[in-house]
Number of protein chains: 2
Amino acid sequence: MRIGEAARASGVSAKMIRHYEEIGLVPRAGRGSNAYRDYDGADVHRLRFIRRSRDLGFSIGRIRDLLRLWSDTERSNAEVKAIASAHVAELEHRIDQLRDMARTLHHLADACDGSGRPDCPILKGLEGKQVPAASPSPGEPPG
Amino acid sequence: MRIGEAARASGVSAKMIRHYEEIGLVPRAGRGSNAYRDYDGADVHRLRFIRRSRDLGFSIGRIRDLLRLWSDTERSNAEVKAIASAHVAELEHRIDQLRDMARTLHHLADACDGSGRPDCPILKGLEGKQVPAASPSPGEPPG
DNA sequence: GTTGACCTTCCAACCGTCGGAAGGTCCACC
DNA sequence: GGTGGACCTTCCGACGGTTGGAAGGTCAAC
């Protein structure tokens, strides 16, 4: 099948399939008589694996590791479990950070009556009057 | 003061201060006899406001709005509260997504005995045997 | 006069996804 | 045989926000 059908079957867009090929996450696809990429069921299976891994928040690097283990019939499930558990821990850490932000902001919003006057505890909080600050891992804040 | 001192005083790196100036988040700094940027207490105050906002997960765009309101003495605190509340909602949405991911992955990891054998429910789950999938907002997965 | 800390600008990278340009190919329909 | 539209190709850019480095100018102390 061609890339469009593989995209529909796997849930990974054609753009991303090409991208994943370029970065070596999926093997280079065979080409037909024209220069079109050609895919089979196994390729779609792999793409679907990638898609689900992304849905669970794994980074490309981690997915690379998972794919390697996936195709290794002599793998140790302990290694897989370690990756998964580490990722769960990262997710929970990120959740804690976001929760801290939400809680802090919630407190500030609660202190603001929203009456329409200029006086605003939220802005005061952002100024530095309070705000314990969640101190997120550098980079990537909101969604 | 020069950019380095402003950076230390505000918690915003010199790199980022220049960047914020370029994108118009902070006004263009005055320059001394040399071409060095010059900052005063108000500038640092503003930078600190930005820093705290970032720590609470506000996007640059939102911070732009907040800064505008901050410097508007006739602002309505209702508008500020609306922005803050919307952001809290976004944060909580993101938290829910991450929590779904963590829960799903946790279940898979629980089903894996990690005994060292190749058989692995986690990989099976990623293949598509189960995985309800958290379906995150497109992009930006882990942290 | 030299060292080193500071400043300047510019360019590129990280991550994952998407948009669009400019062109080639396939297939159905007329 | 021609035309249209859906599909494919490659390439180059953007979005979040932050960081790294290069290559150079400036200022202080020693």
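Within every chain, numbering begins at 1; the chains are lettered A, B, ... in the order of the sequence lines, protein sequences first and strands thereafter.
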Engineer: For the side chain of A:Arg54 and the backbone of A:Phe58, is there at least one donor-acceptor N/O pair under 3.5 Å apart?
Structural biologist: yes
Engineer: When the nearest nucleotide of DNA chain C is assigned to A:Ile23 and to B:Ala14 on a heavy-atom basis, which residue is associated with the more 5' position?
Structural biologist: B:Ala14
Engineer: Of the nucleotides C:dC6, C:dT8, C:dC18, which one has an atom closest to the side chain of A:Ser13?
Structural biologist: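 Closest nucleotide among those given: C:dC18.
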Engineer: How many angstroms lie between CD in A:Gln97 and CZ in B:Arg94, if you round to the nearest 0.5 Å?
Structural biologist: 12.0 Å
Engineer: What is the distance from CD1 of B:Ile3 to P of C:dC6, rounded to the nearest Å?
Structural biologist: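 About 13 Å, once rounded to whole Å.
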Engineer: Does A:Arg37 have any salt bridge (charged side-chain N to carboxylate O under 4.0 Å, His left out) partners at least two apart in sequence or in another chain, and if so, which?
Structural biologist: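 With neighbours one apart ignored, the set is A:Glu21.
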Engineer: Is the side chain of A:His87 donor-acceptor paired with the backbone N or O of A:Gly57 at a distance under 3.5 Å, no angle test?
Structural biologist: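 It does hold such a pair.
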Engineer: Could you tell me whether the phosphate oxygens of C:dG16, OP1 or OP2, come under 4.0 Å of any side-chain nitrogen or oxygen in A:Arg51?
Structural biologist: no
Engineer: Whole angstroms only, please: what is the CD1-P distance between B:Ile17 and D:dT18?
Structural biologist: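 After rounding, the reported distance stands at 12 Å.
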Engineer: Could you check which of D:dG17, C:dT17, C:dC6 has an atom nearest any side-chain atom of B:Arg8?
Structural biologist: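 Among the listed nucleotides, the one closest to the side chain of B:Arg8 is C:dC6.
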Engineer: Rounded to the nearest 0.5 Å, what separates atom CG in B:Asp100 from atom CG in A:Asp55?
Structural biologist: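 Output value for this atom pair is 11.5 Å.
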Engineer: Verify whether one side chain among A:Asp119 and B:Asn77 offers a donor that lies under 3.5 Å from an acceptor in the other.
Structural biologist: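 Their side chains do not contain a donor-acceptor pair, so the 3.5 Å distance test is not met.
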Engineer: With hydrogens left out and only the distance checked, is there a donor-acceptor pair under 3.5 Å joining B:Lys15's side chain and the base of D:dG21?
Structural biologist: yes
Engineer: Under 4.0 Å between a side-chain N/O of A:Arg37 and OP1 or OP2 of D:dC8, yes or no?
Structural biologist: no
Engineer: OP1, OP2 of D:dT18 versus side-chain N and O of B:Tyr20: anything below 4.0 Å?
Structural biologist: yes
Engineer: For nucleotides 25-30 of chain D, just jot down a letter per nucleotide in 5' to 3' order: B, S or -, based on protein non-hydrogen atoms under 4.0 Å.
Structural biologist: BBS---
Engineer: C:dC6, C:dC18, D:dC8: which one has an atom nearest the side-chain heavy atoms of A:Arg18?
Structural biologist: D:dC8
Engineer: In Å and rounded to the nearest 0.5 Å, what is the CG to NZ distance from B:Leu108 to B:Lys124?
Structural biologist: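 Here the rounded value is 11.5 Å.
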Engineer: Counting just side-chain N and O atoms, does A:Arg54 come under 4.0 Å of either OP1 or OP2 of C:dT17?
Structural biologist: yes
